[in-house]
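Below, read A as the first sequence line, B as the second, and so on, with proteins coming before strands; counting in each chain starts at 1. What you see is a predicted model; the values in this text were computed from it and never measured. Both backbone and side-chain heavy atoms feed into the values below; hydrogens, waters and symmetry mates do not.
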Amino acid sequence: MLHWKCRLLWSLYFTLAGFSHSFSSETFEEELTVQTLRDGKVATRFSFSTVLGGATPRNPHNLSIEDDSQHYTLFPLTLGQILREYAVTELHLTLNAGKWNYDRWGYPDEEGVGTGAELWAWIGDGAVATVDERWRDLRNALAGLFCASLGSLDELRTTAPALTFTPGALPDWPLPHAIRHASLPSEHVCTENLTPFLKLLPCKSLSGIASLLNSHRLFDADWHGMGLHVSWLPDDGVQVRLTFQAVTDPLRASSNKRDWSFASIFDRSIERACPVAASSRIVVALPVNAAYSINPQPSSDEQGYATFNVAEQAKPLDVSMQWPANFEHSKSIRLATYSVTPFAESPLSIRRTLKGSTQDHGKLSVFIQNDATTTTEVAYLETMPWIVQFYLHTLTVSIDNIVRDDLLKNISYTPPVPHSRAMMFQAVLVLPARSTVHLTIDITKAFLRYTEHPPDAQRGWDLPPAVLVPLGGLARQRIYTPTLLVDLATPDFSMPYNVIIFTCTLIAFIFGSVFNYLTRKFVVLYKESN
Amino acid sequence: MNLKRSLDAGGIVFPVLVGGRLLLALTNLSGALKRDHQLSSPLTSYLNLQEGIFLFKNGVDPYSGGVFRHSPLFLALFTTVLPASRTVSSIIWTLCDALGAWALVQVWRARQQVAKTSRDSLIAAAYLLNPYLFLPTLALSTSSFENTLALLALMFAARGDASRSLLAAALLLQFSLSSILLLAPLLLLLASSPVSQLASPRAFSANGKSITSFVAEFLAYTTVLTLASTLVSGGWAWIPQTWGASLTLPDLTPNVGVWWYFFTEMFDHFRPFFLMVFSVHLLIYVAPVCIKFQYDPLYAAFVLLGVLGTFKSYPSMADPGLFISMIAIFPEIFPCKHPIVTALLHLHAALLMPLFHHLWLNQGTGNANFFYATTLVFACANGAALTDCIWAGLMIAIGEPQEDYVVVQE
Amino acid sequence: MPHVHPQHTTLRDPSKLFYQTEYNRRLIIASYWVILIAAIPIWWHTTSIQRLSLPTSRVHSQAGKQLRFPVEITLENIRDVSLSAALQQLIHERIGGSGLEVRVRNQDNAHSVESYTVSAHNDIAFASQRHLMYPVRSATLPILADTLSTLLVPLTNSHHVAHYSPRYRLAFTLLNEDAAAGQAITSWDISGAISHHLLPILDSLSALHNFTIESQVQYHAPLAFSPISLLDGAGFGLTPEDLTVFINSAEWTLSSSVSNDPVLHFIAFIPSASRRPLQILNSQGRPSSSYTFLLPQWGGIVVYNPPPELQESTHFPPSALNSVFSTFATQLLTLLGVADVPAGVKTDSSVLTGWQLDALLRRRALENSAEAQETLRSIVKIVDQIENMPVGQDVRGDVQNSLTALDQMYTSASTSLNDTLHQSADALSLASRAFFNPGMLALLYFPAEHKYAVYMPLFASAVIPLIATAAREIRAWRRQRREVQGVQQ
């Protein structure tokens with residue numbers, strides 16, 4: 001009896017003490033920005049942000065003890081489970097298709113535009129499970145969530161480029177955080193990836209701005225990509241931001257009309273507002289010095305941006321913009337007769353190629369043109385799967401064919417290990433004002449076991465983009481180079497048994513001959529001559 | 001010491017040959033040849049050596065990656081003593097070849113027990129003009145050092161200079177694990193004489209005690225050198241990267257041997273087994289060859305060099321090249337069984353290998369099987385040369401071939 | 001016939017040469033074999049499939065064992081010894097075959113801690129903890145025996161009960177069919193509801209399971225079908241067929257477990273404003289009074305129609321939330337296999353009685369041990385059948401530990417039910433882990449023919465000459481020995 005009463009009291013105590021702390025404030029905000037680019041294309045960017053107020057990332061030190069219950073109203077539970085299960089502090093996943101053209105389009109709103117899949121996370125140390133174990137589990141969990149082949153972002157692709165992929169705020173835990181980064185440039189983004197992405201949104205694609213996300217149209221765009229960003233904002237809490245960017249081409253339909261509308265870009269309009277969005281805005285960058293008309297009437301119009309508040313606007317909402325003047329193709333880039341409020345223009349222009357026609361070696365050549373009038377330092381990152389090995393002693397940096405080894409400093413290098421570890425080369429590169437720095441390095445291509453080749457071995461291997469981050473003066477935005485394709489020598493895939501038979505027979509033959517000479521008796525015979 | 005004397009004795013031919021080789025070294029051929037897979041393997045490639053030295057100088061452990069597979073002694077040598085510039089390297093490599101040629105001549109003289117013969121120049125030429133040997137040297141493959149060390153070990157052993165011979169063998173072992181095969185005939189040679197006994201086989205009069213002390217001395221050198229390597233590289237990581245590589249074949253870059261394509265195409269489940277078989281297969285020759293040729297250990301060493309040239313895990317042209325050049329010091333075996341066939345096989349392989357390699361990797365019009373097939377032919381050629389030499393070595397004891405009589409096996 | 005060296009030749013007789021001596025030749029052949037034999041262990045090491053022997057006989061001997069729980073019922077303040085004997089007999093008749101060894105004693109007998117007590121009361125039947133107050137009379141004995149039997153071995157619908165796991169994830173989801181249509185419920189006091197309705201239950205079940213609790217709110221959860229519209233504007237109805245396809249997992253983002261713990265879902269479904277009231281129809285097609293239904297082994301669903309006077313999107317009304325969660329609590333008990341007390345017996349409804357818990361513990365222990373035994377037998381059988389299946393140390397260790405846990409379970413059955421359950425659960429989880437060990441699949445698709453094809457090219461041509469030569473030498477050596485013996489004789 002006494003025992004029973006104790007149990008009752010105990011549970012009562014539990015109840016009072018608060019079995020779990022539920023997060024009081026969760027806010028969801030959505031925003032769509034639309035902007036006409038200098039070459040007449042239209043860039044759209046969706047950003048869906050959910051903040052879990054007052055929350056902190058899970059301390060890996062507490063992984064061994066029972067976690068608090070997770071009660072969410074807006075925050076995606078499936079993602080929250082993964083974050084807490086593996087105690088991930090910061091996480092960025094991007095899936096992009098196409099090549100972002102910095103020269104024509106400037107900096108993107110979302111900096112993660114590297115082709116293919118890219119995943120990087122800052123993970124705290126100190127748990128029983130090591131950072132690498134949790135990184136592996138995280139990859140597999142995300143692969144399950146997004147139906148992407150993120151599982152192949154394995155140890156062969158994983159590097160730790162702390163200089164280039166800097167974290168936001170990190171909690172002040174006794175043990176340090178570590179970064180893990182992997183990219184898979186051959187990953188193809190498709191509808192299968194968008195559906196689970198939309199499921200993480202409170203209003204899915206059924207109401208609010210997200211209802212514009214029409215996969216048939218978006219995956220037809222010149223460039224498109226989606227991203228998932230989890231970060232910790234010390235003043236607010238844990239933020240999950242889902243982004244979708246696309247560059248569509250209205251000129252494709254009519255060769256000289258830049259007019260666009262939601263109907264023309266997405267083939268949809270906003271029928272209903274998302275009831276739980278704290279703010280739901282559409283921001284359109286307005287042209288300067290050019291005639292245009294925008295429909296319907298924006299909620300506000302200031303500093304070159306027209307803003308629509310989706311909740312207040314009449315439904316269905318189909319924002320459109322008309323340009324009375326025709327678009328001049330040839331002059332478009334150089335002599336813009338109008339100026340849109342531009343994306344921050346990139347002062348760096350990068351060309352990266354892999355030279356050499358042979359299948360066993362080559363030369364990586366990178367031209368970096370600095371248009372700015374000041375000397376700039378950039379962090380330069382190359383990550384390569386082990387199939388491509390750098391000959392670091394052949395690295396040269398030159399300007400106009402004059403070798404300038406002083407331009408490269410703080411080199412950190414992780415050599416590749418065949419069949420198991422990727423290569424990472426990270427350095428600080430000094431770019432003098434108005435100059436083109438030329439960087440070359442010899443590479444050698446590995447020969448793989450026949451089981452290590454992909455099914456379409458002749459297609460070649462996609463190599464991850466190089467990443468440059470301006471340090472100091474310029475905006476600290478990552479710049480991704482286009483990916484490269486490398487073709488490796490292939491064995492004959494139909495040969496295993498033939499090779500076993502040929503080689504073994506040859507060895508056995510020589511072995512047998514030697515054995516014969518060494519063991520069998522010689523005799524002299526008389527040969528009857530004719 | 002007596003290098004000068006022997007040079008004098010060799011007359012004008014030897015300096016001319018070396019001079020010619022030096023001129024060749026100063027041309028820029030090495031730039032074109034250094035990537036050639038037939039002339040240097042991943043374990044002997046000059047590019048990999050340069051990369052390792054660069055990493056080592058810049059504070060990155062060269063053994064933490066998979067590119068550098070040379071012995072730490074090379075690191076010590078090239079970062080402290082020798083400059084690694086291209087031209088200087090070419091000259092050093094050529095001089096190393098000259099030293100090898102000189103050692104070969106000395107072995108020959110020790111075998112003949114004379115100070116000077118008319119054959120000396122021919123032997124030096126056989127070494128210095130053998131394309132299998134001078135092309136790898138031009139490509140700056142470190143197999144040139146291995147060959148020279150092997151010849152020095154044999155030379156000192158032939159002269160009865162046990163310590164130097166064992167030191168050279170221990171150094172050779174640092175550079176190439178499979179050269180351990182040569183230890184057994186070397187010990188026999190130290191305990192007997194280099195004089196040709198092929199015509200009069202007799203039992204080896206074993207002096208067990210001296211052999212034991214030789215083994216102990218060799219082990220001592222090897223231990224010291226291994227510790228030195230560990231000190232230089234700052235850890236034990238070099239062992240799996242250098243010695244381990246020749247057992248586990250992590251780098252499948254094509255070469256002239258039989259291993260690379262076999263293990264490219266091998267099923268993963270059987271890989272460890274066949275790696276074991278291929279390694280043990282090398283070892284299995286040592287005892288029978290040494291027992292059969294116990295009366296002439298130099299010949300046993302020669303036969304085992306032939307085995308290495310055919311079957312080692314990362315061979316380059318220099319390995320069979322050494323074997324072929326060494327034939328010059330055994331003139332008694334010239335009535336080979338099928339000299340024409342063997343020579344044609346070699347010619348065939350030597351011409352087709354670079355061609356098919358180019359077609360496969362550069363031109364893209366051929367595939368891997370082209371080059372694989374030629375390496376098989378090359379292995380046939382080496383095997384034929386090996387068996388020919390064994391047969392000829394045994395025939396000498398029976399006598400000159402005679403009309404109407406034929407020697408066959410029972 | 002031995003070969004004779006021809007005369008009249010300058011060639012020497014090879015058989016007289018040193019290297020052709022018998023001793024030398026045999027030494028060479030032997031040296032080949034030494035290396036070959038020395039390599040055999042490495043060969044074994046590099047190709048053998050690790051196939052440790054499993055404790056097969058121990059697994060099979062498990063089949064004969066059965067869990068037996070001694071149960072002691074003490075009649076308090078009842079002096080009549082004949083009553084206890086009669087009661088024991090009656091109970092034995094009812095539940096004799098269920099693994100329970102029931103003994104009924106009077107109070108003066110030795111009192112063990114875990115025993116159940118029955119005390120006489122004039123008119124009410126009341127169960128609390130392991131105590132039952134009952135109007136004990138000779139006439140009520142058969143009914144008392146029925147009651148006790150049902151308390152000890154209750155009937156439960158095992159079809160509904162979720163598979164045993166030491167830990168469950170309880171996922172509560174507030175599902176708005178379409179929040180944008182208005183009158184949605186966008187938040188709820190989940191923590192309060194859970195601590196009020198579920199914590200006492202979870203606490204009393206802590207001997208059986210641990211729980212992870214999580215909750216979420218969804219604003220767009222379309223149904224995969226359209227509920228039928230009822231006549232005369234009485235709203236919409238879900239037919240029994242609809243209920244079976246109610247869960248639209250393609251569109252609803254329900255909790256999926258990141259760990260391997262099973263998830264029990266509890267869904268509060270708010271129909272779209274345009275589809276209210278949504279009712280559950282009985283098999284005759286008429287609206288039933290119930291708004292809840294249970295999906296066996298999966299979870300429970302409550303359909304909540306907000307009152308029409310509700311304005312815009314709002315918080316879950318507390319009173320409604322209370323009733324929703326008390327339903328969830330009942331559904332949870334059903335899913336976990338907690339049986340109701342027999343009709344006619346009253347209890348303090350907020351807590352589970354010891355009778356219920358013990359019955360559940362016994363039931364789970366029996367299930368687990370049976371399943372663990374079954375799994376172990378399957379492992380032994382499949383390993384027996386497939387000769388290529390590797391059996392590593394981890395598999396063997398798991399099987400052995402599972403058997404040890406089972407053995408311990410039999411001995412602890414008479415002392416502690418909690419221990420029995422935990423040992424049975426350990427046995428089951430170890431057996432399952434052994435069964436699903438990925439290492440066991442490694443070589444399933446590498447048949448023997450394939451292996452011979454890989455081995456043959458080298459071994460047929462290299463080893464056969466070795467064997468033939470060795471055989472010939474041995475034959476020759478034997479013949480020589482015979483000849484020597486013959487000469488001696």
A:T490 portion near chain B, given a 4.5 angstrom heavy-atom threshold: backbone

Per-residue contact mode, B:F68 against chain A (heavy atom under 4.5 angstrom): neither

Interface moiety of B:H358 toward chain A, non-hydrogen atoms closer than 4.5 Å: neither

Euclidean distance, A:S183 OG relative to A:W120 CH2, rounded to 0.5 Å: 13.0 Å

Test side chain to side chain contact (heavy atoms under 4.5 Å, CB included) applied to A:F425 and A:L395, step by step: CA-CA 11 Å; A:F425 172 81; A:L395 178 67; 3.8 Å; yes

Sorted by number, residues from residues 368-377 of chain B in contact with chain A (heavy atoms, under 4.5 Å): B:A368, B:N369, B:Y372, B:L376

B:Q50 CD to A:D442 CG distance, which is reported to the nearest 0.5 Å: 10.0 Å

Toward chain A, the part of B:V407 with a non-hydrogen atom under 4.5 Å: both

Option in B:T310, B:N48, B:V289 with maximal non-hydrogen atom pairs under 4.5 Å from chain A: B:N48

Heavy-atom contact with chain A under 4.5 Å, split by part of B:I284: side chain

Heavy-atom contact with chain A under 4.5 Å, split by part of B:W260: neither

Over 12 foreign heavy atoms within 6.0 Å of OH, A:Y391: yes

